[in-house]
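Here the structure is laid out as structure tokens; the discussion comes afterwards.
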Protein chains: 4
Amino acid sequence: MITERRRGPQRSESSRQAILTAAAHLLIEHGYDHLTVEGIATEAHVGKQTIYRWWPSKAAVIADALAEGLLIPEVVIPPDSGDVRADLRVWFLTIFGFLGIPGNETLLRSLVVAATSNDDVAVRLDERLGLWQALSGRLESEQVDALLGGLVVRALRGGTLDENFAERLIATVIR
Amino acid sequence: MITERRRGPQRSESSRQAILTAAAHLLIEHGYDHLTVEGIATEAHVGKQTIYRWWPSKAAVIADALAEGLLIPEVVIPPDSGDVRADLRVWFLTIFGFLGIPGNETLLRSLVVAATSNDDVAVRLDERLGLWQALSGRLESEQVDALLGGLVVRALRGGTLDENFAERLIATVIR
Amino acid sequence: MITERRRGPQRSESSRQAILTAAAHLLIEHGYDHLTVEGIATEAHVGKQTIYRWWPSKAAVIADALAEGLLIPEVVIPPDSGDVRADLRVWFLTIFGFLGIPGNETLLRSLVVAATSNDDVAVRLDERLGLWQALSGRLESEQVDALLGGLVVRALRGGTLDENFAERLIATVIR
Amino acid sequence: MITERRRGPQRSESSRQAILTAAAHLLIEHGYDHLTVEGIATEAHVGKQTIYRWWPSKAAVIADALAEGLLIPEVVIPPDSGDVRADLRVWFLTIFGFLGIPGNETLLRSLVVAATSNDDVAVRLDERLGLWQALSGRLESEQVDALLGGLVVRALRGGTLDENFAERLIATVIR
DNA sequence: AAATAAACGAGACGGTACGTCAGGTCTTAGA
DNA sequence: TCTAAGACCTGACGTACCGTCTCGTTTATTT
């Protein structure tokens, strides 16, 4: 197979990385509103045009940063142990651990806003959370909606996210 | 007892109404981003300062517009018929009816973004949706979270919102 | 007569002065190209919009700075002594004195470029030079053209501007 | 004598021509400001670097375009008939003919701006106009300055350029 | 013939400035 | 003293070009 290569300079991988890293950092630090393309460009030591050349909007940059794992670490998707409730318990505790880190509640709000405004972000966020992959075929879609939605609503309301809540939410939705 | 009245003109009720109406109209028309204080002021034939004098942010204006019922009509909260599932079924269909109106999916996104960014909006939105009032004492909090979260996640994903989905979500969460 | 006054704040005279002063300074310092609206705004401690609100282009700002005498000092127009050649001799020497100051040859180039590109600047520059006022009615228009044009062409070519040249140019054109 | 030839391809004459032609066309069409190196490169189907490799600035490109006769056609310099005034009359009418073509007044402004900003352009423009060649040794330098300057000042002011004006300017300066 | 090197078209890069929009504050005249 | 109007400074938007640099190709001269 012939790899068709353009003539002329290739896209700079180092700039791409710098942009995504800067965007992730600024999102975590200052939130989605307050996130500016100029700020990203400055922090990444990059021209603004280099961002606009490759991404249509700052939301698209965030979507890529998500996909690269710069915002949410790889969620451990437990192997199918056969016991769905046990698998879910592990998943919830992982998420809770992440959300328990100071500042990450703000990050969650930013990501919800971004995902609500931009479908790409929504898709990447879903991938990151890994709930669908973990449960594909093992649960009905409305069960997944209820689990994920219940978690997010609880978190945004500032409710406590502990083992007890996980237990009760799982018990509510499964069976 | 003497009612202490300030000297000078009082707050103009007509301006207040004009501002809330304009804000609601512009939110529905153009979405939460693209909603600007200047735009509201212009549409309401009001000085910008008149907005800033009485509200700290555009989110606060939206919170008031919500409270006044300018964004979501009064949700019919069915009387406690004794049958929680039947009551929920009515509630879901009312909400689905509202979300089915063209443009209201965009409004939902705007409201989710606003509520995620601002607690006042979140509180007013909850009031409007009426789920908590309807079910206070009749369901566990994680059940309400699961129902509301499930609905919102489904709607934001663009999934179909019909009687069948309501039925299955209710069946999942209750019992 | 009733002076109809707008409601709201008036134009800030201090900002206007700061803008014109900054523009004059930057033009003298760096030349017409290299003169930027952003630079003027920064030096004048003024928002860019305040410039764009009142002037359509940087050329218009320069036209006003010229009119205010911030670029070329009041040219002494000698009273009509009856002897046109003597009056012209004084005028030329005044101009030569101005052009002899280091940096002012660059300023001349900037002004010629600005005047060539923008009619307002041309009119204000003419006013400042005062040749027309001084000689209205005493010379034919082609004589004035020849005197002014001859001076400018000579100056732009870098030719020496001294009493001798003035004498010869006057002798050429008058009589 | 050995012609020292580099190894590798020679400068492309077709690219050089395309660049000068494009520059001339764009200058005539859009004026000196609005003339961009990128625009020239695009119109000439040439890489930007090919321009920067051979010319230090866009002014230098214009100087070459002038020298090639792409902006001002060959001015017919009348043979020395012995009658300077008659020779000048012919020269003026030729120039007036050129300036009378619609769009060429704009071109004149562009050329004056370019010549004022860049000495090479000034030299090439002088060559093109041919006034100096025509009159070398027959007139004093201040006479040439007065003739050329008078013409340019008149033209830039938008004054009419006709036989009558030529006659009077010549009469003013010669004798 | 192979190796070498410069010129070419394309266009990505870090930047500067553009002209516009909006934010939140301040000022004025009128009610 | 509240209001409508709107000027002010600030800062971000998305675009246009700058002048430099980097590719992969083409072409002409050594070796």
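Here is the naming used below: chain letters follow the sequence lines, and residue numbers restart at 1 for every chain.
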> Which residues pass the side chain to side chain donor-acceptor pair (under 3.5 Å) test with D/S110, sequence neighbours left out?
Replying inline: none

> Starting at CH2 of C/W55 and ending at C1' of F/dA7, how long is that distance when rounded to a whole Å?
Replying inline: 13 Å

> Once you round to the nearest 0.5 Å, how far does NE2 of D/H45 lie from OG of D/S14?
Replying inline: 12.0 Å

> What residues, two or more places apart in sequence or in another chain, satisfy side-chain contact (heavy atoms from CB on, under 4.5 Å) together with A/S117?
Replying inline: A/V113, B/V113

> What's the CD1-C1' distance between B/I40 and F/dG6, to the nearest Å?
Replying inline: 18 Å

> Which residues satisfy the side-chain contact (heavy atoms from CB on, under 4.5 Å) test with A/T106, sequence neighbours excluded?
Replying inline: none

> What pairs with D/T50 under side chain to side chain donor-acceptor pair (under 3.5 Å), at least two apart in sequence or on another chain?
Replying inline: none

>> Quick check: on DNA chain E, is the nucleotide nearest B/Y52 upstream (toward 5') of the one nearest C/Y52, or the reverse? Name the residue that is more 5'.
In response: C/Y52

> Looking at residues at least two apart in the chain, or sitting in another chain, which of them share a side chain to side chain donor-acceptor pair (under 3.5 Å) with A/D64?
Replying inline: A/W55

>> Does D/K48 contact E/dG11 through a side-chain donor or acceptor facing the base, at a distance under 3.5 Å?
In response: no

Under 3.5 Å, side-chain donor or acceptor atoms of residues 22-41 of chain B against the rest of the protein: list the pairs with distances, not counting sequence neighbours.
residue, atom, partner, partner atom, Å
B/H25, ND1, B/E43, OE2, 2.5
B/H34, ND1, B/H30, O, 3.3
B/T36, OG1, B/G39, N, 2.8
B/E38, OE2, B/K48, NZ, 2.9

> With B/R16, which residues qualify under side chain to side chain donor-acceptor pair (under 3.5 Å), at least two apart?
Replying inline: B/E13, B/E68

>> For DNA chain E, which residues of residues 26-38 of chain B approach it to below 4.0 angstrom with any heavy atom?
In response: B/T36, B/V37, B/E38

> Along nucleotides 4-9 of chain E, 5' to 3', which nucleotides get a B, which get an S, and which get a -, given that the test is a protein heavy-atom distance under 4.0 Å?
Replying inline: BBBSBB

> Roughly how many Å is it from CD1 in B/I51 to C1' in E/dA22, rounded to a whole number?
Replying inline: 13 Å

